[in-house]
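What you see is a predicted model, and the numbers here were worked out from it, not measured in a lab. By convention in this document, chain letters (A, B, ...) are assigned in the order of the sequence lines, proteins followed by strands, and residues within each chain are numbered from 1.
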Amino acid sequence: MTLASQHMAILLVDDEAEFAITLAERLRLRDYQAKAVFDGESALAFLASENDKGERGADRIDLVLLDMFLPGMSGLEVLRKIHAIRSDLPVVLLTGQTDPAHSMEGMAKAPIAHLSKPLEMRKLLALLETLQKEKAHA
Amino acid sequence: MRRRYTALKRKIVLIMAAAAITPLIFLAAINYFEFHNTFTRETEAPFRSLVAKTQNSFELFLTERSATVGLIASIYTYAELSNPEHLKRIFKAMQTEFSYFVDIALIHDRGKLINYAGPFADELRGADYSEQEWFTQVRANNRYVSEVFKGVRQLPHMVIAVRHTSGEGHSWIVRATLDTSRFIKLISGINTEPGNDTFLVNHDGVLQTDSIYFGKALEKLTFPMPAPELEGKVFEITGEGGAAMLSSFAYIPGSNFVLMSVKPAYSFLQTWLMVRTDLLLIFLFSAFIIYFVAAHSVQVLIDRLRQSDQEREEALLQMEHTQRLSSIGRLAAGVAHEINNPLAIINEKAGLLTDILELERDFPSRGQFEAQLGSISAAVTRCRGITQRMLGFTRRMNVTIETLDINEMVRETLTFLETEAQHKHARIELELDSSLPGIRWDRGQLQQVFLNVLNNALDAISEGGFIKIQSSMRDDATMTVRFSDQGCGMDEETRKHIFEPFFSTKQECGTGLGLSIIYGIVKRYGGDIEVESAPEQGAAFTIVLPMGRHETGVKQ
């Protein structure tokens, strides 16, 4: 197993392209695989095609960073559809608020975390590390 | 405001009272007139019949006397009448058969007294009546009934004269004098009712007989003669000393006499006064009851009205305020979200630059770059703080009941006002009961309450002033948080009004809504705010919080 393959593959969904691309680049600098898409449809299409290919292991998306405010399909809708495709996929919701609606808790089987924008890299990295450890244990 | 309600109350009471009392007044008036009419009718009928009866008697009296004189003039010849002895005999017979005759005289058609029988034979001897008024009249009309006059004896009497013309065309006149004191007796004999006064007057209003109320015979009446149209009717006159009297009269045909009867109206008045007093009492009593009921029910009505007006006003204010706050909140949230996105980009770009800088170990001016990027990051962090607060404000708009630690809430509120407190060098002492249980309230609203009271305390104290905050249990179901300051305090008048909307002592600085809103909030939770204060003695606001009672009527 290479170091790269040990690192997680992350899908970034945010309509602010500049933000998504820059964050992806920063994650790549930290040896994560990162792909940026700019709307919910593209994200779902990507995850669906990945499923169809039946890809396993290293290339598969391990985490989605999802902006709550997306044009067209809303963040929550995308979240529901993501879990329809892969119910075990962890999602980190990016919101404006520090502690967003608790109503979503228990909605999904997969772990959901919240981070507020602007992101604090420190917190994101800590979260990623936690997930990585969980993945390693699994 | 209060004046408006008072005016409204007065208006309604007046209208109600007027509506109720007007029919009462009508009733009283109708009653009065009915009574008056009935009474007058009942008084008039016997009175009128009395006058008619008297008139008949008097007419009969006069007719009899003048027929007697006429008979004497016609059945005896001039020669017989000229004979003194003969005349004396006739006179004697007259006196016996018909009373009231004083004398009898035969007068020549030219006016000379021919013969006389009676008490004044000497005085009248040789008298000539040709120039006298009555003589002219009897010559013209063959019959004459004089008015009453005072004769030689200074006694009122009257004269009946009849002219007779014989078959041969020879004329003579027989004149008889009547003692009026006699027919006064006749007339007064008819006066059955005490207080009645019946008398004769001539057409000019000169009394012909004595009257009880208007003087002796030949005096003039004190009131003008009534118009002839009133004959037979009962009408009111003003007697001596302004006393009201009822009067009726009748003309005696063939004479210059008017028979008049008068009686005091007091009997009617007395009866009416008695009835009127009863009526008046009933009227006053009813009026009082109507007024009392009207005033009382209107008071209840007005109180309700005022209360509901007040409640509505308060609710409106509260709503307005909430709406304003929530629109401000929405605006703030929108702005925060909008700013967050570019801020996130700046953050990532600066982060990426830092990342690159980390990789490029030998980058020139590295230190300088790092410092600049650090500044950008710090600025982003500051902005994040601002947007987070803005979003936090919005969140507080939504009422969420949760279990709160009162002491923690107090401390949290204090942090909001830290800068101001420091600025004023205020000393704030906390005396919090750590054993307090949690309380079910909305965090934002409780914070608003504390913030407001604390803010007022900070405003009230002077430089370096002292504020004490105490929390404790009052009883099993309520806890209190007491904010006391040693500020300027307030007088009784101010204290009474501080919870009223728009009441402010801060001149331009306040809207006067703060305390009214938080009072509304606390009241809605079933709590209360107690105020103790005196001028220059500081103030203490005790917020009484019932525990675990869910707020009603607020969307969650």
Q) Of the listed residues (B:Asp355, B:Ile356, B:Ile345), which shares the most heavy-atom pairs with chain A below a 4.5 Å separation? A) B:Asp355
Q | Minimum heavy-atom distance A:Pro118-B:Ala344, with the two atoms named | A | CB-CA, 3.8 Å
Q. Under a 4.5 Å heavy-atom cut-off, does chain B meet the side chain of A:Leu23, its backbone, both or neither?
A. both
Q: Using non-hydrogen atoms and a 4.5 Å limit, figure out which bit of A:Glu16 sits close to chain B: side chain, backbone, both or neither.
A: side chain
Q: Please round to the nearest 0.5 Å and tell me the distance separating atom NZ of A:Lys117 and atom CG of B:Leu343.
A: 10.5 Å
Q.
Counting only heavy atoms from other residues, nucleotides and ligands, does the tally under 6.0 Å from CD of B:Gln368 exceed 12?
A. no
Q.
Run the side-chain contact (heavy atoms from CB on, under 4.5 Å) test on A:Leu29 and B:Leu352 for me, step by step, so that the C-alpha distance in whole Å, both residues' side-chain angles and the decisive distance to 0.1 Å come before the verdict.
A. CA-CA 9 Å; A:Leu29 279 176; B:Leu352 182 59; 3.6 Å; yes
(Q) Main chain of A:Leu119, side chain of B:Asn347: is a donor-acceptor contact present, judged purely on distance under 3.5 Å? (A) yes
(Q) Run the side-chain contact (heavy atoms from CB on, under 4.5 Å) test on A:Met121 and B:Glu348 for me, step by step, so that the C-alpha distance in whole Å, both residues' side-chain angles and the decisive distance to 0.1 Å come before the verdict. (A) CA-CA 9 Å; A:Met121 189 48 97; B:Glu348 293 317 318; 4.3 Å; yes
Q: Could you tell me which portion of B:Leu359 (side chain, backbone, both or neither) has an atom closer than 4.5 angstrom to a non-hydrogen atom of chain A?
A: side chain
